[in-house]
Amino acid sequence: MYKIEMIVNKGKTMDKEFIEKTKEALIKERNEILASLSDQNEQMHNLVGTVESGDEADRASDRIDGTLLSSLSEASSKRLTQIDNALERIKDGKYGICKSCGQEIARGRLEAIPYVAFCLSCQSKIDRQNR
């Protein structure tokens, strides 16, 4: 399914073994997120079912729990999208290459955040623009 090759960019290479290990870690994290989202979805359904019952304090607590679950789901969904995009870059042979400048992303950065799409310099520029 995924074609793993050495990525060559301006004389630098990202080895096949590193990419394969990263792909496995991304798939594992993806599966964990999906399982967590499924559990959160079940908890949300349970909360919705109990909202009609109980006193006002119980309903307020349920609303807070629902809001918390919803924001956790949003963050998990965002990370899931980033992981899927990283897996697609692996498949396309573009993993580890900054989507903005085309330079190789530092291996340490990829080890820390394997789904990162931008080098540190470009990510800093993006963060400054979004402030």
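Just so you know, these numbers come straight off a predicted model, no measurement behind them.
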Apply salt bridge (charged side-chain N to carboxylate O under 4.0 Å, His left out) to the pair Lys28 and Glu24, showing each step before the final yes or no. CA-CA 6 Å; Lys28 179 181 178 190; Glu24 290 171 9; over 6 Å; no

Side chain to side chain contact (heavy atoms under 4.5 Å, CB included) assessment of Thr22 paired with Leu110: CA-CA 9 Å; Thr22 301; Leu110 291 169; over 6 Å; no

Determine, step by step, whether Arg79 and Glu29 satisfy the salt bridge (charged side-chain N to carboxylate O under 4.0 Å, His left out) criterion, reporting the C-alpha distance in whole Å, the side-chain angles of both residues, the deciding distance to 0.1 Å, and the verdict. CA-CA 10 Å; Arg79 196 165 80 240; Glu29 185 172 357; 2.8 Å; yes

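Between Ile83 and Ile27, every side-chain heavy-atom pair lies at or beyond the 4.5 Å cut-off. Using a 4.5 Å heavy-atom threshold, the side chains of Asp15 and Arg107 count as touching. Contact annotation: the side chain of Leu87 approaches that of Lys23 to within less than 4.5 Å [non-hydrogen atoms, C-beta and beyond].
Annotation: side chain to side chain donor-acceptor pair (under 3.5 Å) contacts of Gln82 (sequence neighbours excluded): none. Under the side chain to side chain donor-acceptor pair (under 3.5 Å) criterion, Lys99 pairs with no residue, sequence neighbours left out.
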Please list, one pair per line, the donor and acceptor atoms closer than 3.5 Å that link side chains of residues 112-123 to other protein atoms, with sequence neighbours excluded.
{"residue": "Gln123", "atom": "NE2", "partner": "Asp127", "partner atom": "OD1", "Å": "3.0"}

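Atom CD1 of Ile90 sits about 11.5 Å away from atom CG of Asn85, to the nearest 0.5 Å.
Cluster membership check: Ile126 does not share its hydrophobic cluster with Ile105, using side-chain heavy-atom separations under 4.5 Å among Ile, Leu, Val, Met, Phe, Trp and Tyr.
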